[in-house]
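Working notes, beginning with the structure itself.
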Amino acid sequence: MRAADPVALGSWYRECLGLDADENGLWRQEAGLTVFATFESETDYFGSRAQQAMINFRVRDLDAMLAQLRAKGADVATETQDMEGVGRFGWVTDPEGNRVELWQPA
């Protein structure tokens with residue numbers, strides 16, 4: 001992920017999202033589904049059209065994660081989305097302007 005300040009952005013992901021990545025960016029996620037999805041080039045789903053990809057993190061409790069992010073002053077979207085049989089989604093924008101999706105599987 002490109003960043004104007006890679007150290008600060010990495011720190012934000014560790015502190016705000018709890019990403020337990022080592023100095024090489026490696027982390028072990030819990031077993032479960034991982035999604036790879038492509039979108040039309042004109043999609044607004046990522047927020048900014050300049051953003052080419054959006055990372056999606058699985059979370060156990062979406063409401064708790066969004067509250068944690070708000071408490072840390074993060075730019076959290078007010079809306080959430082429920083998809084029957086899939087789960088709940090919420091979004092946060094990192095300090096570099098990248099929209100990140102948070103997914104609580106059904």
Working to the nearest 0.5 angstrom, can you tell me the gap between [X] [atom1] and [Y] [atom2]?
X     : Y     : atom1 : atom2 : result
Arg28 : Asp20 : CZ    : CG    : 11.0 Å
Asn98 : Met1  : CG    : CE    : 4.5 Å
Trp91 : Gln81 : CH2   : CD    : 4.5 Å
Met54 : Thr93 : CE    : OG1   : 10.0 Å

Q: Could you state whether Leu19 and Val92 fall into the same hydrophobic cluster, counting links through intermediate Ile, Leu, Val, Met, Phe, Trp or Tyr residues with side-chain heavy atoms under 4.5 angstrom apart?
A: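 Yes, because Leu19 and Val92 connect within a single hydrophobic cluster, where side-chain heavy atoms sit under 4.5 Å apart.
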
Q) Nearest heavy-atom pair of Val7 and Arg14: which atoms, and what distance? A)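 The answer is O-NH2, 4.4 Å.
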
Q. Which pairs, with at least one residue in residues 32-46 and sequence neighbours excluded, count as a salt bridge (Lys or Arg N to Asp or Glu O under 4.0 Å)?
A.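 Checked against salt bridge (Lys or Arg N to Asp or Glu O under 4.0 Å) - neighbours excluded - the pairs reaching residues 32-46 are Glu42-Arg49, Asp44-Arg49.
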
Q. Under the ring-ring contact (aromatic ring centres under 6.0 Å, His included) rule, what pairs show up with a residue in residues 50-84, not counting sequence neighbours?
A.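 Applying ring-ring contact (aromatic ring centres under 6.0 Å, His included) to every pair that reaches into residues 50-84, excluding sequence neighbours, yields nothing.
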
Q) Which residue pairs pass the ring-ring contact (aromatic ring centres under 6.0 Å, His included) test when at least one of the two sits in residues 1-39, sequence neighbours left out? A)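 Sorted result for residues 1-39: Phe39-Tyr45, Phe39-Phe46.
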
Q.
What I'd like to find out is whether the side chain of Asp94 reaches to under 4.5 Å of the side chain of Leu17, using heavy atoms alone.
A.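 Contact flag for Asp94/Leu17 side chains = no.
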
Q: Kindly write out the residues that satisfy salt bridge (Lys or Arg N to Asp or Glu O under 4.0 Å) with Asp22, not counting sequence neighbours, or none if the list is empty.
A: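 Salt bridge (Lys or Arg N to Asp or Glu O under 4.0 Å) list for Asp22, sorted by chain: empty.
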
Pairs of donor and acceptor atoms involving the side chains of residues 62-77, under 3.5 Å and at least two apart or interchain, shall be tabulated with distances.
| unit_1 | atom_1 | unit_2 | atom_2 | d |
| --- | --- | --- | --- | --- |
| Asp63 | OD1 | Arg88 | NH1 | 3.3 |
| Asp63 | OD1 | Arg88 | NH2 | 3.2 |
| Asp63 | OD2 | Arg88 | NH1 | 3.4 |
| Gln68 | NE2 | Cys16 | O | 2.9 |
| Arg70 | NH2 | Ala77 | O | 3.4 |

Q) side chain to side chain donor-acceptor pair (under 3.5 Å): which pairs involve residues 53-62, sequence neighbours left out? A)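 Non-adjacent pairs meeting side chain to side chain donor-acceptor pair (under 3.5 Å): Glu30-Arg60, Asn56-Glu101.
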
